[in-house]
Every structure is written in structure tokens, then in C-alpha cells.
Undergrad: 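Structure below; questions to follow.
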Amino acid sequence: MWIAVTPEGGGATLRPLGGRAGAVTHVDDLAEAVRDLERVEQPRWIWADTRAVYPPLLARDVRPARCHDLTLTEALLLGHEGRYGEPRSAGAAYARLRGLPVPADETGAHARQATLFEPEPLPVDVAEVYGDQVRRIERTADPARFRLLVAAESAGALIAAEMGHDGMPWREDVHDALLTGMLGPRPVHGMRPAKLQALADQVDAAFGTTVNPDSPQQIVRAFKAAGLSVASTRSHVLKEVDHPAVAPLLAYKELARLYSFHGWVWADQWVRGHRFRPEYVAGGVVSGRWATNGGGALQIPKVMRQVVMADEGWRLVVADGAQLEPRVLAAMAGDGGLARAAGEIDLYAALAQAFGGSRQNAKIAMLSAMYGGTSGDALKLLAVMRQRYPQAYAFVEEAAKAGEEGRLVRSWLGRTCPPPSKHWSRLVAGPEGARAARDRGRFTRNFVVQATAAEWSLTQMALLRGLLPAPARLVFFQHDEVMVHCPEELVGEVSGAVGRAAVQATRLLFGETPVRIPMEAVAVTCYADAKPVSEPEPGPAATAIA
DNA sequence: GGCTCAGGCGCC
DNA sequence: AAAGGGCGCCTGAGCC
């Protein structure tokens with residue numbers, strides 16, 4: 001059952017589609033109508049834009065199982081059709097169908113504000129746009145996969161809205177104590193925290209003059225006056241410099257970042273009622289990864305994890321896709337040898353065995369193949385990789401070659417990379433052409449792996465959402481890592497659901513394959529205690545395996 | 001005062 | 001330990 005939804009004020013027009021297509025109905029209360037129908041069955045709700053339609057439903061705790069997001073789907077289709085950059089909104093899609101003037105996409109915070117307060121409905125026939133999209137999906141390279149991509153992307157939009165609404169547990173008191181311990185007490189407006197000021201004073205004393213430590217230009221000039229030439233003020237560059245200002249400067253930079261990015265002002269804006277509520281943007285990155293719009297949820301420093309604590313009597317169940325990208329490559333490339341290695345819990349150790357080398361070298365070879373690295377021993381190790389896993393090697397080489405030639409590449413499910421810019425096309429014909437070509441080759445080489453890893457993660461999370469027992473909630477998602485907040489007594493059930501969702505996601509994407517993508521959950525009270533299991537340190541145990 | 005850009009660095 | 005690609009977002013600085 002599919003139902004096309006056109007919101008009108010607080011109500012909506014509902015139009016059932018498909019085999020049991022029925023009469024168009026009007027409801028005065030969309031949230032109530034969705035709640036009622038979800039009790040009977042789980043229709044796929046078709047609507048223009050989850051980001052606009054879903055929040056009012058969430059506000060009344062109405063959470064549909066499935067939807068089809070016209071805007072996200074339009075973006076995927078335009079990309080696949082080589083029409084990247086054309087306006088992707090449902091309104092634009094409808095205008096194109098009807099030969100009307102196509103409205104530009106509304107982007108940026110200002111445009112969103114405007115749409116929030118002016119619920120003027122765009123003239124969109126949801127059912128008509130949906131029908132068009134279904135036809136275009138059938139014309140893609142692999143419609144079955146593309147349908148899965150659309151379902152996962154739309155589920156992602158639901159989850160992104162829910163996570164923003166529910167928020168990640170965040171202890172304001174622990175956060176304040178952490179900041180106070182590292183920086184000193186919260187300063188009055190316009191002042192530096194005491195410990196930052198002390199470090200700034202030390203920098204001044206070391207240079208014998210006043211320098212703004214936040215200004216790279218001033219720092220370079222100060223070193224120059226001291227007879228030292230520094231290429232930049234990046235920390236790894238400064239570490240090599242022998243000067244008394246270096247130590248306090250490095251300490252300052254680290255603390256200043258904490259203060260300005262995740263300090264008290266940040267908390268005032270993004271944390272309320274023991275919850276951190278960022279705005280996630282599903283499909284915000286060309287590779288299909290999520291982005292955030294404010295709050296910096298995907299860049300929280302690890303030191304801040306101690307602030308993320310489960311409610312009393314609840315736990316955080318944390319899991320990430322272990323060695324996800326090489327496993328995804330093994331499955332995509334259909335390389336039997338690599339797929340067998342990817343059937344092991346520690347893929348790199350298995351690789352090392354096949355290589356007859358160290359685990360570390362095996363990892364370098366693998367990463368260099370996926371990312372186009374050439375530094376250090378990479379080239380030598382790549383030659384081994386090419387010999388042992390010719391199909392996997394050829395797969396990423398072909399992606400790189402396509403990029404260098406200006407062609408498009410696609411993920412496993414059909415997400416398509418952006419075409420080269422006009423600037424690139426000019427550049428590639430000029431004297432720096434070889435370099436521009438290589439750069440794009442690295443991008444497309446990485447795209448096929450990163451984008452497929454992103455769609456595996458999205459699929460896994462969508463399946464997990466469907467398996468979670470109430471009142472467990474997904475509260476955090478970071479590229480290949482998920483966090484569920486649940487009552488202590490549900491930890492076992494939730495952990496099991498995480499693993500089952502991973503197995504199902506692998507089957508859905510890749511069918512029968514020896515590749516395993518393990519996702520082991522750990523239950524903790526505090527996020528800082530969730531040691532990632534994906535990267536075993538090359539300690540005695542790992543060495544013994546290798 | 002608002003805009004854009006670069007430098008820098010956090011996460012995967 | 002790092003490399004590679006992908007991002008967001010702070011500050012300073014230059015410009016209008």
C-alpha cells in the first residue's frame with residue numbers, strides 16, 4: 001500500500017496508489033490519520049520532503065515505518081541520469097513534468113526559515129511526481145538495487161529527523177566539569193578562560209612580543225622575527241620546531257578548539273534537557289554520508305565522549321561496522337580471494353597471511369588501493385595486492401581510470417558521483433592536466449567504496465530501526481557507527497537486533513557472498529567506555545594471528 | 001556590519 | 001602511526 005500525501009494546513013489530502021488504489025480522501029489531522037493507518041498496516045507514505053512533513057508528526061510521537069521522499073529520490077535520479085545540479089525539490093520535479101518554470105532549490109538556513117514560517121504549499125501533484133520517478137527508476141542500470149537505495153535513503157530521512165528530535169543523552173554537568181577542568185571556570189563574555197589566557201601569556205613571553213595565537217599569519221611572522229622559518233602553523237609542522245613558544249602554542253590550539261567548538265556557548269545553543277539535538281542532513285554528502293547543519297555532531301572530539309551518559313537505569317548500545325570499507329570492496333569486486341579474507345573477523349590479519357607479510361603492511365596495501373595512496377611503501381605493497389587480488393585491484397583501478405577520463409562512477413546501489421566541473425575540464429587540458437586528472441581519479445576511486453559503505457550503513461540502520469523494541473531509540477549515527485539508548489533490561493535484545501540487521505543488510509545488498517560484515521554491539525553507561533572493536537591494536541595477540 | 005576566503009583541525 | 005577521500009565550523013583577514 002502506497003499513500004501519496006499532500007499536506008494542507010494541519011490536514012492533508014491522501015491518495016492511495018497501487019493495486020488497491022482507492023478514493024482520494026481529505027483529513028483534517030495528518031498526524032492522527034497516519035497514526036490510525038499505521039496501526040492497521042504500514043503503508044509507504046509518499047511525500048515531497050521528510051524534513052518539512054515529518055517534524056509535526058514527530059511532535060505528536062507519530063512515527064511511520066516507511067516513506068518515499070520525493071526530494072531525496074529526485075536527487076538520486078538526477079545524479080544517475082547525469083543531470084547533477086538541476087533543482088531537486090519535488091516542486092522542481094513537478095514543474096519539469098508540466099513544462100512550467102522550474103524553481104531553484106532553496107538552500108541555506110535562511111531559506112529553511114522562510115519555508116518553516118510560510119507553509120504556502122508548492123504546487124506539487126505528489127502522485128504524479130511519484131509515478132514519474134517509478135518509471136525513471138525502471139530505466140536505471142539496475143532497478144532492483146536502485147529501489148533499495150531509494151528505500152534506504154528515505155528511511156534515513158525518517159531516522160535523521162527522529163535523532164534530531166530525540167537527541168543524544170548529554171550530561172550538562174559533566175560537560176561543564178570537563179570544560180572547567182581543562183580551561184578554568186566559564187569566563188564572562190569576551191574574556192579568555194584562565195588556562196587559555198595563561199598559555200597565551202606564555203606564548204607572548206617566549207616571543208618577547210604580543211601575538212594573537214589564533215592568527216596563523218601572526219605566528220608565522222613571530223617565528224620569522226625569531227629567525228625561524230615555518231611553512232605553516234599546523235601542529236605537525238610546529239612539533240619539529242625548536243623554540244620555547246611551540247609547547248604553549250600547541251597546548252593553546254588544542255584547548256582553544258575545544259572552547260570555541262564544543263564549549264559553553266555551543267552547549268547553550270545545542271544542548272537542552274540532557275539532550276544534544278543537532279540537525280542531521282540525510283544524503284548531505286555526495287557519497288551518501290550524512291552531514292549536519294549546525295551542532296557539529298559528526299566531529300565531536302573523542303574527549304567529549306565521557307559527557308554522553310545513559311539515563312538512570314538505561315544503557316547505550318554502541319556498534320560500528322568493523323573494517324567496513326575493505327569488506328564492501330571485496331563484495332563489490334567479486335574477488336573470491338579477498339571475499340574469503342573478508343569472511344574472517346580480522347580481515348587485515350587474513351590478508352597478511354595470504355601476503356606472507358605483516359598485518360600492518362597488508363593494511364597499508366588495502367588502504368592504498370582504496371584511496372590511491374602512493375607514499376612510503378605503498379607502491380611496492382600495491383604490486384603484491386595486484387598479484388594476490390587481481391579482481392579487487394582492477395575494480396578500483398577502473399574507477400580511478402573513469403574519473404581521470406571525466407566519466408561518472410556509481411556505487412553498488414546506483415548513487416552516482418558528480419560530473420567534473422567546467423573548471424576541471426579546462427584544467428585537465430592545460431599544463432597541470434595530469435595532476436587534475438589524477439586528483440579526480442583518487443576521488444572516484446574512493447567514491448565507489450565510500451558510497452557503497454554508506455549505503456550498507458544506511459540499510460543496516462534502517463533495518464535496525466524496524467527491529468528495535470520500544471522504548472529503545474536510535475540516538476546517534478556517525479558514518480558507520482550507531483548508538484541506541486534503551487532500558488538496561490533490553491540490552492540483550494537490542495544487541496541481538498544490531499547483529500541481525502547487519503547480516504540482513506549484507507544479504508540485501510550483496511546476496512550470497514562469503515563476505516561477512518560483523519557489527520558487534522557493546523553496552524555501556526558512558527560512551528567513552530565503548531572501546532571500538534573494529535581496529536585491534538597491533539599488539540601481541542594480533543601479531544600472533546599475523 | 002555582512003560577506004567570502006584561507007588556515008586549521010575535529011570526526012569517519 | 002600515517003597515508004586517502006569525504007565533511008563542518010571556528011577564527012582571522014580582506015573586501016564591500
Side-chain angles (χ1 to χ4, degrees), chain A residues 108-110 192 196 211-221 230-239 249-250 252-263 265-266 269-270 278-281 283-305 320-326 329 359-361 363-379 381-382 396 399-400 403 409 411 415 417-418 438-454 457 476-482 532 534-535 537-538:
Chain A
H110 186 77
R192 277 201 186 104
L196 266 186
V211 177
N212 181 353
D214 289 318
S215 166
Q217 290 185 24
Q218 289 188 28
I219 295 168
V220 170
R221 277 202 299 271
V230 293
S232 76
T233 64
R234 292 183 189 148
S235 47
H236 70 266
V237 172
L238 293 185
K239 268 177 198 143
L249 202 47
L250 290 174
Y252 178 92
K253 281 156 74 82
E254 195 178 329
L255 290 181
R257 192 186 159 87
L258 204 65
Y259 172 58
S260 65
F261 277 64
H262 293 100
V265 174
W266 172 88
Q269 187 175 358
W270 297 105
E279 186 187 347
Y280 294 99
V281 186
V285 179
V286 290
S287 66
R289 283 182 171 182
W290 286 13
T292 55
N293 206 329
L298 303 181
Q299 300 124 263
I300 295 171
K302 286 187 174 171
V303 66
M304 285 279 166
R305 291 185 181 180
D320 71 352
Q323 303 166 339
L324 175 58
E325 295 194 347
L329 171 60
R359 181 183 185 280
Q360 190 58 13
N361 277 348
K363 186 174 174 181
I364 293 171
M366 192 73 231
L367 296 181
S368 300
M370 290 190 296
Y371 302 144
T374 53
S375 64
D377 298 331
L379 287 178
L381 293 166
L382 272 172
V396 288
V409 296
S411 70
R415 191 187 302 272
C417 79
R438 268 200 312 278
D439 285 349
R440 187 158 192 280
R442 271 201 305 280
F443 166 63
T444 51
R445 174 195 292 270
N446 182 249
F447 180 93
V448 293
V449 178
Q450 187 185 114
T452 303
S457 297
F476 189 54
F477 173 54
Q478 186 169 230
H479 307 312
D480 69 343
E481 179 181 8
V482 293
S534 59
E535 288 295 309
E537 294 303 313

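Bear in mind the structure is a predicted one, so any value in this text is a computation, not a measurement. Reminder, nothing fancy here: chain letters follow the sequence lines and each chain counts from 1.
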Undergrad: Quick one: are A:Ser457 and A:Trp290 in side-chain contact, heavy atoms under 4.5 Å?
TA: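 Not touching, per the 4.5 Å side-chain cut-off.
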Undergrad: Please confirm whether the backbone N or O of A:Gly295 pairs with a side-chain atom of A:Trp266, one donor and one acceptor, at under 3.5 Å?
TA: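 Yes; judged by distance alone, with no hydrogens or angles, the pair exists.
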Undergrad: Are the side chain of A:Ser287 and the backbone of A:Phe447 linked by a donor-acceptor contact shorter than 3.5 Å?
TA: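 Absent.
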Undergrad: Tell me: CG of A:Leu298 to P of C:dC9, nearest whole Å?
TA: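 After rounding, the reported distance stands at 9 Å.
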Undergrad: Find the distance A:His262:NE2 to C:dC9:P and express it as a whole number of Å.
TA: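 Distance check: A:His262 NE2 to C:dC9 P gives 9 Å.
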Undergrad: Any sub-3.5 Å donor-acceptor pair from A:Ser215's side-chain atoms to A:Gln218's backbone N or O?
TA: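 Present.
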Undergrad: To the nearest 0.5 Å, what is the distance between OH on A:Tyr280 and CD on A:Gln478?
TA: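 A:Tyr280 atom OH to A:Gln478 atom CD measures 8.5 Å (nearest 0.5 Å).
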Undergrad: Side-chain contact test, heavy atoms from C-beta onward, threshold under 4.5 Å: evaluate it for A:Val286 versus A:Cys417 and give yes or no.
TA: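 Heavy-atom side-chain distance check fails, nothing below 4.5 Å.
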Undergrad: Answer with base, sugar-phosphate or nothing: what part of the nucleic acid does A:Val449 contact at a heavy-atom distance below 4.0 Å?
TA: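 No contact.
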Undergrad: CZ of A:Phe447 versus P of C:dG4: gap in Å, rounded?
TA: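 That distance rounds to 21 Å.
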Undergrad: Quickly, which of A:Ile219, A:Val220, A:Val237 forms a side chain to side chain contact (heavy atoms under 4.5 Å, CB included) with A:Ser232? Name it, please.
TA: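 One option only clears the test, and that one is A:Val237.
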Undergrad: Given A:Tyr371, which of A:Arg445, A:Met366, A:Glu325 fulfils the side chain to side chain contact (heavy atoms under 4.5 Å, CB included) condition?
TA: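 Of A:Arg445, A:Met366, A:Glu325, side chain to side chain contact (heavy atoms under 4.5 Å, CB included) with A:Tyr371 is met by A:Glu325 alone.
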Undergrad: Would you mind classifying the nucleic acid contact of A:Gln450 as base, sugar-phosphate or nothing, using non-hydrogen atoms under 4.0 angstrom?
TA: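 Base: the residue A:Gln450, judged by heavy atoms under 4.0 Å, touches a nucleobase.
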Undergrad: Choose from C:dG5, C:dC7, C:dA2 the nucleotide whose nearest atom is closest to any side-chain atom of A:Gln360.
TA: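 Nearest nucleotide to the side chain: C:dA2.
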Undergrad: With heavy atoms under 4.0 Å as the rule, sort A:Arg289 into base, sugar-phosphate or nothing.
TA: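 Answer is base: heavy atoms of A:Arg289 come under 4.0 Å of a base.
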Undergrad: How long is the line joining CZ of A:Arg257 and C1' of C:dG8, in whole Å?
TA: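 That distance rounds to 9 Å.
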Undergrad: NZ of A:Lys363 versus C1' of C:dA3: gap in Å, rounded?
TA: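 Distance, rounded to whole Å: 11 Å.
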Undergrad: What is the distance from CG of A:Asp480 to P of C:dC7, rounded to the nearest Å?
TA: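 Taking atom P of C:dC7 as the reference, CG of A:Asp480 is at 17 Å.
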Undergrad: Donor-acceptor pairs under 3.5 Å, side chain of residues 252-263 of chain A to any protein atom, not counting sequence neighbours: which ones?
TA:
from     : atom 1 : to       : atom 2 : distance (Å)
A:Tyr252 : OH     : A:Arg192 : NE     : 3.0
A:Tyr252 : OH     : A:Asp214 : OD1    : 3.4
A:Tyr252 : OH     : A:Asp214 : OD2    : 3.0
A:Lys253 : NZ     : A:Thr233 : O      : 2.9
A:Ser260 : OG     : A:Ala256 : O      : 3.1

Undergrad: Please list, chain by chain and in numerical order, all residues satisfying side-chain contact (heavy atoms from CB on, under 4.5 Å) with A:Ala454, sequence neighbours excluded.
TA: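 With neighbours one apart ignored, the set is A:Arg289.
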Undergrad: Rounded off to whole Å, could you give me the CD-to-C1' distance for the A:Gln299 and C:dC10 pair?
TA: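 A:Gln299 atom CD is separated from C:dC10 atom C1' by 11 Å.
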Undergrad: Find the distance A:Glu279:CD to C:dC7:P and express it as a whole number of Å.
TA: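 Atom-to-atom, A:Glu279 to C:dC7, this comes out as 18 Å.
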Undergrad: Mark yes or no for whether A:Thr452, through its side chain, and A:Val449, through its backbone, hold a donor-acceptor pair below 3.5 Å.
TA: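 Checking the backbone N and O of A:Val449 against the side chain of A:Thr452, no donor-acceptor pair under 3.5 Å is found.
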Undergrad: Could you check which residues of residues 364-371 of chain A get a heavy atom under 4.0 Å from DNA chain C? Sort them by number, please.
TA: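 Within this stretch, A:Ile364, A:Tyr371 sit under 4.0 Å of the strand.
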Undergrad: Using the side-chain contact (heavy atoms from CB on, under 4.5 Å) criterion, which residues pair with A:Val265? Sequence neighbours excluded.
TA: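 With sequence neighbours excluded, A:Val265 shows a side-chain contact (heavy atoms from CB on, under 4.5 Å) to A:Arg186, given in chain and number order.
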Undergrad: What does nucleotides 11-16 of chain C look like as a protein-contact string, B for base, S for sugar-phosphate only, - for none, at under 4.0 angstrom between heavy atoms?
TA: SSS---
Undergrad: With a 4.0 angstrom cut-off to heavy atoms of chain A, pull out the first and last contacting nucleotide of DNA chain B, in 5'-to-3' order.
TA: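 Reading along DNA chain B, I get B:dG7 to B:dC12.
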Undergrad: Have a look at A:Phe261 and say if it touches a base, only the backbone sugar-phosphate, or nothing, with a 4.0 Å heavy-atom cut-off.
TA: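 Base contact.
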Undergrad: Heavy atoms only, 4.0 Å cut-off, all strands: where does A:Gly284 land among base, sugar-phosphate and nothing?
TA: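 If one applies the 4.0 Å heavy-atom cut-off, A:Gly284 turns out to touch nothing in the nucleic acid.
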